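Chain letters run A, B, ... following the sequence lines, proteins first and then strands; every chain starts at 1. No experiment lies behind these values; they were computed from the predicted model shown. Values reported hereafter were calculated over all heavy atoms of this structure, with side chains retained and with hydrogens, waters and symmetry mates removed.
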Amino acid sequence: MAKIMVGTCGFYYTDWLGSVYPEGTAKKDYLSLYAERFSTVELDYTYYSMPKAENLAKMLVDGGPNLTFSAKAHQSLTHKIDPGHWKGEAETYRGAIDPLLKAGRLEAVLFQFPYSFHYTADNRRYLGDVLSCFQGVPLAVEFRVAEWYHAKVIEGMRKQGAALVSLDMPDLAKLPPAMDVVTAPFAYIRLHGRNAGAWWGSDEVARYDYLYNDRELEAWVDRIKRIEVQADKILVYFNNHARGQAAKNGQSLIEILKRAGGKDMEHGEHKPGGMPS
Amino acid sequence: MGNISRAVCHLNIIGFRAAVAAQRDTSLRGQPFVIAGATGGRALVLDLSPEAMKEGISPGMALGVAERRVRDLTVLAPDPPAYLTMNRELEKIAALYAPVYENDQFGNLYLDLTGTAGLFGPAADCASRILREMLEQVSIRPAAAVAGNKLICKIATRTIRPTGLIQVQAGAEADFLVHQDLRLLPGMGPGLLRTAAVTGLREIGELAALSDGEAVSLFGKHGRHLRDTARGIDDSPVETVSLGEKRIEKHLDFAEDTLDFDVIRGGLMLLAETGGIEMRGQKWGTAAVLLHIVYADGVRAEGQEKQRRLCITDRDIAAAAERVYLKAVVRRLRIRSITLTLGDLRPLGWSPDLFEIAEDTKQRKLQEAADKVRNKYGPGMLTTAAVYAASRKEPVLSLPSVSNA
């Protein structure tokens, strides 16, 4: 049975004060407090600014011995690709994540491509090239366009050993398919919330302002249990970060998984009742 | 795209017969094995485990060839009672969530989840629960798709098979279909694929982009329909009636009451031809041939013959009808009309490729060729000598005289 690890997309949110972190918590203590509750975190700052090895090495310490990391690929590799420079950016990024990799605490590097990243010959070539720059690194890929969701890509992902990310999003026209297909030894799930009203034409906080109810999470337990028989490990990250809802849902999911007989959670097991109310 | 407000869920159990075998005998799991049917003196692989597929075995392969590929290959006979039991179990689960569902008995269930969100949550969540129940209750792991119509669902499960869940959002159908392999499109048999390949069409989106004129010139009179299929257009409902209850009925009134067996045989053949082409068009075969006869005095007689294997060709249907006729007619009185019913319709259960390598390849190829001509130039353009000869005696033996009963 697969190890199931639950976390959030990012942890460094000041609006989590009072809900996830006690009021007055110093920013430097966020990660250690986070690690008391979750076994893994998806770093999103690595998308906005190019990470540095020393910072990630410090995170290994701050997060304690058990916390593992996934890291979102830098925007120069997904959203703002400069044909003349991306290889250099990839090398820099690859070097920066080395401490996580060497410590055996890097779960995956996530390549999240934008809506403008269509299934074109150039983009396919780029995808193959950029993924091959990360030999030996567990990789996950998220597309936002339905064009990518077909058998050739699934097969390509399998050959590459990269995980095709399973998504949870609002039930809105034109959004990419929700698809649970295991293409790597691990599965990678991202829950973005279902805020249909604010998905288009609003800022990032409003878009991800959503709290899953237990019934919705229970449906995800069903999906996770099915994925479980095909993957060695399942990474689940909540991206509905506004007002700490990702953390709240993450903890709820852990509880529901436990009630449903989920095996893992031994690593970085959260403390019962650990969520400040 | 049609029906964007509908929510249809398709559950596709790949290798249904092999999946049932593995469910009943857990020692088979992870092993290469095949289900083989010994018909016509030559055994063919009907179904197989994923492990057997990895060894290069495919449905329709001669069993001898398969056995040469895998030493000590486990070979199982078909187990229809087990399939029936499994279908009942699957339908029991489907009925909990869908007011309307359709089961083709060979591992394809369509559930209409339209309007059930209030009860069971969003369709994808509901599909997820159904999948869990199927796994927990009957150890079956289908591929599942949720979309606005059956066609998109079917392509979606083919995309992710053998297992998994996919939801194609409304409005994203065209993007989803555009780069799918043309082979995933229902209705694309080897002949059409050859035509497509010659013209460089490889993806569904390329077919979808054809104009009316291009579609017809490439694929004949069905070209537009095929092109529309590639555009994801499908208004067919999820039908509650199970396929086994469907029937095709063709009726013929003789111009004059007759006892001439040549004329009656010609009539039976004509009904077999008209019913047969309709049946094969749906990719069905018949397991029950029924005949209703009306004598000149208005008295009725009827008979039926259950088929040990599916009747598919006109020749087989007509032969069965003739046997039924000879048994049912016990009075020496003229016949006024005959009605042929093709009942217990079942999916052919093989891909078009497999169609070509069954043991009676010649007959089936001949039938395919005849159907092709009839589909292209009209059903009356080609008929058998029996019908033609009989029509010299009885002018009513022509297509316009046949009606749906």
Measuring from [X]:[atom1] to [Y]:[atom2], what's the distance to the nearest 0.5 Å?
{"X": "B/Q167", "Y": "A/L175", "atom1": "CD", "atom2": "CG", "result": "10.0 Å"}
{"X": "A/K174", "Y": "B/E173", "atom1": "NZ", "atom2": "CD", "result": "9.0 Å"}
{"X": "A/Q230", "Y": "B/T163", "atom1": "CD", "atom2": "OG1", "result": "5.5 Å"}
{"X": "A/R226", "Y": "B/M134", "atom1": "CZ", "atom2": "CE", "result": "11.5 Å"}
{"X": "B/D125", "Y": "A/W220", "atom1": "CG", "atom2": "CH2", "result": "9.0 Å"}

Below 4.5 Å from any heavy atom of chain B, which atoms of [X] appear? Answer side chain, backbone, both or neither.
{"X": "A/V229", "answer": "side chain"}
{"X": "A/L172", "answer": "backbone"}
{"X": "A/E218", "answer": "neither"}

**Item:** Check: A/D222 main-chain N/O paired with B/S128 side-chain donor or acceptor under 3.5 Å
**Value:**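 No; judged by distance alone, with no hydrogens or angles, the pair does not exist.
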Shorter than 4.5 Å, heavy atoms on both sides: which option in [options] has the most such pairs with chain A?
{"options": "B/R161, B/Q180, B/R158, B/E136", "result": "B/Q180"}
{"options": "B/I155, B/L135, B/V146, B/I160", "result": "B/I160"}
{"options": "B/I166, B/V168, B/D181, B/L184", "result": "B/I166"}

**Item:** Qualifying salt bridge (charged side-chain N to carboxylate O under 4.0 Å, His left out) pairs, either residue in residues 152-165 of chain A, two or more places apart
**Value:**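 Residue pairs with at least one partner in residues 152-165 of chain A: A/K152-B/E203.
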**Heavy-atom proximity to chain A below 4.5 Å, by part of B/R141** =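 Side chain only.
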**Item:** From CA spacing to verdict: side-chain contact (heavy atoms from CB on, under 4.5 Å), A/I154, B/T159
**Value:** CA-CA 9 Å; A/I154 293 171; B/T159 302; 4.0 Å; yes
**Item:** Nearest heavy-atom neighbours spanning A/A173 and B/G171
**Value:**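 Between these two residues, the closest heavy atoms are CB-CA, 4.5 Å.
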**Request:** Identify the two heavy atoms, one from B/F176 and one from A/Y149, that lie closest to each other, and give their separation to 0.1 Å.
**Result:**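 Heavy atoms of B/F176 and A/Y149 come nearest at CE1-O, 3.2 Å.
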**Message:** A quick test of your reading: do over 12 heavy atoms of other residues, nucleotides or ligands sit less than 6.0 Å from CZ of B/R132?
**Reply:**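 Result for CZ/B/R132: enclosed.
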**Asked** Does a sphere of radius 6.0 Å around CZ in B/R183 hold more than 12 heavy atoms from other residues, nucleotides or ligands, not counting ones at 6.0 Å or beyond?
**Response**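 Counting neighbours around CZ of B/R183, 12 or fewer heavy atoms of other residues, nucleotides or ligands fall under 6.0 Å, so no.
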